[in-house]
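What's counted below: heavy atoms across the whole structure, side chains too, no hydrogens, waters or symmetry copies.
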Amino acid sequence: MGARSDEMTDTPYDQNSSFGTTISIASMRAAGLTSLSFWSFPILLSAFLAFVALYDFVIFHTLAELFAILVASVMFVLAWHTSSVARNRFMLVLACGYFWTGALDLAHTLAYKGLELLPYSGINASAQIWIVTRYFEALLLLLAPWLAGYRISKHVILAASGAISIALLGWVLSGSFPVAYVEGKGLTMFKVGSEFVIIAILMAAIWMLLHFRPVKEPVNMTLMVAALIVTAVTEMTFTTYVDPFGIANFIGHILKLLSFWLIFKAIIATSIQQPYLDMQSALQQAQDSTAAAEKANKAKSDFLSMMSHDLRTPLNAIMGFSDMMRGQVLGSLGNPKYVEYSDAIHKSGAYLVSLINDILDVSKIESGHYKLEEEELDLQEVIREIHVGVATRVPADSHALKIEIAPDSPLLLADRRATLQILANLIGNAAKFSTTGSDILVSWKPAGKDRWVLSIADTGCGIPADKLETIIEPFVQANPLVSRKHEGVGLGLHIVHLLAKLHNAALKISSVEGKGTTVSLTYPPERIMQRGQRNASGLRGDPNDAPEYRQVSG
């Protein structure tokens with residue numbers, strides 16, 4: 001057994017706790033103690049047992065004890081198999097102890113007068129086993145709140161409880177245990193005195209329960225305290241009987257049933273009801289969070305759509321008028337600098353429009369509003385188109401664009417605008433982050449299993465290894481110091497990643513810092529169309545089916 005500490009416990013346990021308002025009318029109502037439905041089952045069971053007792057007390061006693069044994073066994077099974085979910089060691093300690101309490105009660109039942117199935121049986125033997133069982137139960141209830149503060153293996157708890165209970169039973173069966181009942185005289189002073197000692201232990205157990213508070217829920221605490229009080233009253237009834245088949249013995253066993261019922265309800269609430277309620281609450285919170293996120297996402301999309309319209313209108317005017325000015329459509333501007341300024345204004349406006357378009361594309365894709373218009377694309381033609389488009393960002397003659405695509409290579413079933421955007425972003429990045437005059441290689445090659453891979457490779461500055469995992473996230477840049485020299489806010493690769501998912505393509509980035517970067521998109525067989533083959537599948541991309549993004553550092 002290790003030293004107790006907050007770090008070692010996995011139960012809501014407070015070493016510094018003290019008495020507080022734990023038991024109240026509200027907690028009693030919440031626990032069901034004031035509800036007739038809560039007591040309906042034990043009341044009906046008691047009525048049935050009372051009817052049986054009128055017929056045969058031995059059968060009544062056997063059934064009453066078997067019910068308590070069954071409850072103890074079910075408590076053990078529930079607590080044992082839900083310990084990892086409930087994570088309440090107090091209830092686990094209690095259930096392991098009550099398993100052996102049930103075993104001792106079984107021995108008490110088998111030894112009872114009229115049944116006498118044990119070698120050592122009779123009223124005295126059953127009373128002796130009763131006393132050791134109640135001592136075991138009372139000490140269990142007393143020590144469980146304290147033991148709950150230690151992280152002890154449940155197997156150790158069960159084995160230790162078993163060893164103690166077996167030793168106690170062996171003591172009784174050995175014949176050396178003090179006499180508890182004398183035929184014709186009734187209970188001995190030892191038996192009566194033991195009952196009062198057990199009652200005192202139970203009162204101390206209530207104090208321990210309220211002091212250590214191993215059960216944080218007021219409902220469960222209320223049920224446990226009620227069970228201890230009923231158990232104490234039960235022991236009081238067993239100090240008065242003379243006839244083992246009398247009314248006091250009957251009332252005592254009915255009260256015992258009620259105490260077991262209360263403890264059973266406490267363990268049910270902890271092991272099953274509370275985790276279920278916690279799960280239900282977590283599910284509701286997740287649903288609320290999802291609804292709030294969807295609402296916020298819709299508000300964002302609406303805002304971006306509105307702002308894009310409001311921004312594009314003045315930007316179109318700026319770009320149109322600046323284009324007329326730099327072309328001197330209405331006559332000379334006079335000073336050559338004005339032409340230079342007009343060109344700068346036009347380029348800045350074009351950059352802003354491109355940035356707005358990127359943000360809107362991200363919003364559309366993430367909200368599920370981006371629709372693919374698929375067609376069979378010849379990538380050589382698409383790349384020739386994109387080379388002209390890139391000229392607005394990167395001079396067409398600044399890099400050597402090498403294309404490795406065989407004339408008979410298959411076509412790609414994809415959205416033309418999305419594919420143009422993918423290539424524009426990747427070729428633009430390759431040009432931005434590599435030295436002027438270097439090569440940019442675009443290839444379209446088989447990748448095995450009827451898949452084909454589209455790759456864009458450069459010999460530029462590369463991506464640091466610690467950035468590879470996050471480089472596809474929005475507004476993340478590989479090297480902010482280098483990136484600041486170029487236009488861009490870190491949306492290019494993120495858009496490529498989103499568009500690749502829409503096409504069920506696997507994105508892979510391989511990079512060695514200082515040597516270059518290769519970005520590859522591997523397309524699945526259903527998007528590879530041999531020349532002359534017509535597609536009639538009407539395939540549409542589902543981002544949930546797309547392979548995961550992969551990054552490789554050199």
What verdict does the side chain to side chain contact (heavy atoms under 4.5 Å, CB included) test give for F67 and L63, after you've listed the backbone C-alpha separation in whole Å, the side-chain angles of each residue and the deciding distance to 0.1 Å? CA-CA 6 Å; F67 175 77; L63 291 177; over 6 Å; no

If you define the side chain from C-beta out and look only at heavy atoms, does anything of [X] sit under 4.5 Å from [Y]?
| X | Y | result |
| --- | --- | --- |
| I247 | Y241 | no |
| L66 | L70 | no |
| L104 | L169 | yes |
| T109 | L117 | no |
| H497 | K501 | yes |
| V71 | W261 | no |
| N249 | F57 | yes |
| L168 | I164 | yes |

Would the F260 and Y98 ring centres measure less than 6.0 Å apart?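 Under 6.0 Å, so yes.
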
With sequence neighbours left out, write down each residue that passes side-chain hydrogen bond (donor to acceptor under 3.5 Å, both in side chains) with Y120, or none if nothing qualifies.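 Scan of Y120 (side-chain hydrogen bond (donor to acceptor under 3.5 Å, both in side chains), adjacent residues dropped) gives N124, Q128.
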
What class does the angle between the rings of F60 and F250 fall in, given that below 30° is parallel, 30 to 60° is tilted and above 60° is perpendicular?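 If you compare the ring of F60 with that of F250, the planes turn out tilted.
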
Can you label the angle between the Y112 ring and the H61 ring as parallel, tilted or perpendicular, going by 30° and 60°?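 Judged by the thresholds at 30° and 60°, the geometry between Y112 and H61 is parallel.
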
Audit row: V52, D56, side chain to side chain contact (heavy atoms under 4.5 Å, CB included) steps and yes/no: CA-CA 6 Å; V52 172; D56 190 307; 5.7 Å; no

Atom of [X], atom of [Y] and distance for their closest heavy-atom approach:
| X | Y | result |
| --- | --- | --- |
| E65 | K256 | OE1-NZ, 2.5 Å |
| T522 | A447 | CG2-CB, 4.4 Å |
| A138 | I198 | CB-CG2, 3.9 Å |
| C96 | I157 | CB-CG2, 3.7 Å |
| L257 | A68 | CD2-N, 4.1 Å |
| F177 | I131 | CZ-CG2, 4.1 Å |

Does the pair D105/R134 count as a salt bridge with the N-to-O cut at 4.0 Å?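 Looking at R134 together with D105, the answer is yes, because their closest N to O distance falls below 4.0 Å.
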
May I ask you to decide if V179's main-chain N or O and T188's side chain share a donor-acceptor pair within less than 3.5 Å?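 Answer holds: yes.
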
Between Y181 (side chain only) and V242 (backbone N and O only), is there a donor and an acceptor less than 3.5 Å apart?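 Between the backbone of V242 and the side chain of Y181 there is a qualifying donor-acceptor contact (under 3.5 Å).
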
Checking ring pair (Phe, Tyr, Trp, His ring centres under 6.0 Å) for the pair W130/F238: CA distance, chi angles, key distance, verdict? CA-CA 10 Å; W130 172 271; F238 286 108; 4.4 Å; yes

Would V74 and L78 count as a side chain to side chain contact (heavy atoms under 4.5 Å, CB included) here? Give the steps. CA-CA 6 Å; V74 173; L78 284 176; 4.0 Å; yes

To the nearest 0.5 Å, tell me how far [X] [atom1] sits from [Y] [atom2].
| X | Y | atom1 | atom2 | value |
| --- | --- | --- | --- | --- |
| L210 | I206 | CG | CD1 | 7.5 Å |
| I509 | T517 | CD1 | OG1 | 8.0 Å |
| T222 | L262 | OG1 | CG | 11.0 Å |
| L94 | M224 | CG | CE | 4.5 Å |
| I43 | I254 | CD1 | CD1 | 11.5 Å |
| S46 | I251 | OG | CD1 | 11.5 Å |

Going through the distances and angles, do E137 and T231 end up as a side chain to side chain contact (heavy atoms under 4.5 Å, CB included)? CA-CA 10 Å; E137 180 185 9; T231 304; 4.3 Å; yes

Return the set of residues passing side-chain contact (heavy atoms from CB on, under 4.5 Å) with F99 (not counting sequence neighbours), or none when no residue passes.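 Result, side-chain contact (heavy atoms from CB on, under 4.5 Å) vs F99: F76, L158.
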
Could you tell me which residues satisfy salt bridge (charged side-chain N to carboxylate O under 4.0 Å, His left out) with K191, sequence neighbours excluded, listed by chain and number?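 Testing K191 for salt bridge (charged side-chain N to carboxylate O under 4.0 Å, His left out), a comparison that skips the adjacent residues, returns E195.
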
